[in-house]
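All chains are named by letter (A, B, ...) in the order of the sequence lines, taking the proteins before the strands, and each is independently numbered beginning at 1.
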Number of protein chains: 2
Amino acid sequence: MAKRVRTTRTGISDVAARAGVSLATVSRVMNGNQTVDAQIAERVRIAASELKYQPNPTGRNLARGKTDTIGVVVPDLGNPTFQGVLRGVSRAAAQDGYRVLIADSSEVSSEEAILAGEARRRCDGVVLCAPRMGAAELEELAPSLHPLVLVNRATNATGSPSVIVDYGRGIQDLAAHLVGLGHTRLAYVAGPASSSSHRLRLAGLDAFKASHSGIEVQVFSNGSTFEDGHSSAGDVLASGATGIMAFNDLTAMGLLSALNERGIRVPEDLSVTGFDDIPFARYTTPPLTTATVPIQDVGEQAWAQMKELLNRAPNAAAEAGEPASTTFTPTLTVRGSTAPPPGKG
Amino acid sequence: MAKRVRTTRTGISDVAARAGVSLATVSRVMNGNQTVDAQIAERVRIAASELKYQPNPTGRNLARGKTDTIGVVVPDLGNPTFQGVLRGVSRAAAQDGYRVLIADSSEVSSEEAILAGEARRRCDGVVLCAPRMGAAELEELAPSLHPLVLVNRATNATGSPSVIVDYGRGIQDLAAHLVGLGHTRLAYVAGPASSSSHRLRLAGLDAFKASHSGIEVQVFSNGSTFEDGHSSAGDVLASGATGIMAFNDLTAMGLLSALNERGIRVPEDLSVTGFDDIPFARYTTPPLTTATVPIQDVGEQAWAQMKELLNRAPNAAAEAGEPASTTFTPTLTVRGSTAPPPGKG
DNA sequence: GTGAAAGCGCTAACAC
DNA sequence: GTGTTAGCGCTTTCAC
């Protein structure tokens, strides 16, 4: 790469030349270093603006050993939950001058580790949303990703902070709401078995059953899509349950739709709840009673944790003791899809 | 930054030392350069994997003058349309080994130009979604952003390719559908005046009126949110129109909701159409008749254009003649929200 | 307060 | 085919 024609845009040396100062001085001025004489600084600023000079981030990144960018790994950019996290992280990070690099694994979870590693190399840290990744794999991966913030994954042995949603609490609130309405036969139309948030709901339900002996809680295995919810209608109706908790809003909507096709009235004949409170949950017919997860706050909090990590000495990783972990508790949002069971109204 | 303790991870020189070769050879091997002797290449590969060596992208970026990253500027990460574009770009770019950096202007359009410039400096190119940016500003900005791909903006003087949606055609198809059903009094519940896609719809409607003299087409100024649609119900009902075209799916849903509250039946009393076919449009009650915009394809195509630009000689910018421009035509998707007007069923 | 110069980690010309 | 070396554009130490 020896002698070759300059092909690049105006660089720091052009500014230095024009202002009659050294590169170092230009650099200082561009970085707001106060040790530069005001007159000279002004001269540099003028030269820079005359030349429309803008520092090249790549050179700066290499010299500083940081990129002011964090990676966000999500399994699916089409999922409202991850969209919310992404948006929250992106906005919060932007406030602090950081940018976000996307890594969408397109649900190919075998790619997640590779993607995350790649993102980490290009960025100063990564926020990982990997609900289906095995615990073992996660623990092995985590150290190489530091600074790492986990979303909706328990921290375990990894020293990484996490921001999690108390799905167990949320589903219990939903169950309690239904029971409070008079329902005694409940059913949970489950999410994918590999989903950790599904397992959390299951645990919450176990706790609920333990403290509500008179209440029946059936569980149907199912999935996480609208279609999954739609196809669960048969099981749901056959069960005799009157209070149905769907895995999430999308499956609840599918169920609502199937029920509507069959002439079953909601909430008169059956009560249905969702989970998450995605933007469209309020617009269903009837509007969905659900457990509201402040998903954008989750993203913002993930950034807050990341910032914390970034401001720590690089080697303070392990010594920092307990990794921080923030828990968001869903709040019950009652809309029109729940009511007392038939005969109890 | 003179003598200091090495704080960095294993670099190319470690691998070179261990394999007993020069940096250049390691670099060649890591880049799949075939000119390296197979035996030596293997030796290098082993050394690299033993050391868990992964090239540092920043160094590489600086040396190669490219980052394998493109920036995507969107006005709002919460908007399904931009989410779709982002997803499409991200997936398509990933196929070619490129990553995406997000720049969300959070609807603060005065920030868009700055954000875009910043993104451009960090990336090899930018995909710009700036529906509200003034034409003049855009034209001034475009050259400094090259390689630039515009989404839903006409190309004008700027030599940048664009991928656009034929909103004018889409709304005409919707209007024709309603007229075909027997409606003679139509109304368009408009989008924000500053939205270029709204102006395109308006132009389409003008064309429609020109060729359908017996048909009335009223226009109500409005907005782009659910609430805007909801609050338009009064105007809509007062107008006497029976075929209502909402600006987009979201406003259509708002209108649907308000109509439902007032006991107006859709499609029996009034037909309503949306625009875009966002993921939830099929789940409304009744399901929305709309103009389907293949938004993810738009994103993928934006990447295709970008790739084209990137593969061109850097200075071939201007000489390339006509900038490419791809147009996607929305397709009419008839669902349950449209029917013949009262008395014509 | 300012400048010279040594890197940051890698790539690619060029020489061998 | 392989090594040497000069950058890529910037930051930062160190000496003045």
Residues at least two apart in sequence or cross-chain that pass salt bridge (charged side-chain N to carboxylate O under 4.0 Å, His left out) with A:R120, listed by chain then number, are none

From CZ of B:R28 across to C1' of C:dA12 the rounded distance in Å is 8 Å

With the threshold set at under 4.0 Å for non-hydrogen atoms, list the residues of residues 29-43 of chain A touching DNA chain C in residue-number order. A:T35, A:V36, A:D37, A:I40

I need the CG-P distance between B:D68 and D:dC8, as an integer number of Å. 20 Å

When you get a sec, tell me which of C:dT11, C:dA13, C:dT2 is the closest nucleotide to the side chain of B:A63? C:dT11

Should A:D76 and B:R91 count as an ion pair when the cut-off is N to O under 4.0 Å? yes

State whether the number of non-hydrogen atoms from other residues, nucleotides or ligands found under 6.0 Å of B:E107 atom CD is greater than 12. yes

Here's a test for you: under side-chain hydrogen bond (donor to acceptor under 3.5 Å, both in side chains), which of A:D68, A:N31, A:T67 qualifies with A:R60? A:N31

For residues 22-46 of chain B, the salt bridge (Lys or Arg N to Asp or Glu O under 4.0 Å) pairs (sequence neighbours left out) are B:E42-B:R45

Closest listed nucleotide, where the reference is the side chain of A:S22 and the choices are C:dT11, C:dA13, C:dG3: C:dG3

Do A:V89 and A:I70 pass the side chain to side chain contact (heavy atoms under 4.5 Å, CB included) test, and can you show the C-alpha distance, the side-chain angles, and the key distance before you say yes or no? CA-CA 9 Å; A:V89 173; A:I70 63 162; 3.7 Å; yes

With nearest nucleotides of DNA chain D determined for B:N61 and B:L23 from heavy-atom distances, which residue corresponds to the more 5′ nucleotide? B:L23

List the residues meeting side-chain contact (heavy atoms from CB on, under 4.5 Å) with B:S22, not counting sequence neighbours, and say none if there are none. B:A24, B:T25

Using atom NZ of A:K66 as one end and atom P of D:dC10 as the other, report the distance to the nearest whole Å. 17 Å

Please report, rounded to the nearest Å, how far the P atom of C:dC10 is from the CZ atom of A:R122. 13 Å

Choose from D:dT4, D:dT12, D:dG9 the nucleotide whose nearest atom is closest to any side-chain atom of A:L62. D:dG9

Residues at least two apart in sequence or cross-chain that pass ring-ring contact (aromatic ring centres under 6.0 Å, His included) with B:Y98, listed by chain then number, are B:W303

Grab the two heavy atoms, one from B:C129 and one from B:V85, that are nearest each other, plus how far apart they are. SG-CG1, 4.0 Å

Suppose we call a contact any N or O donor and acceptor under 3.5 Å apart; does that hold for the side chain of A:R64 and the base of D:dG9? no

Counting only heavy atoms and a strict 4.0 angstrom limit, can you tell me which residues of residues 47-60 of chain A come near DNA chain C? none

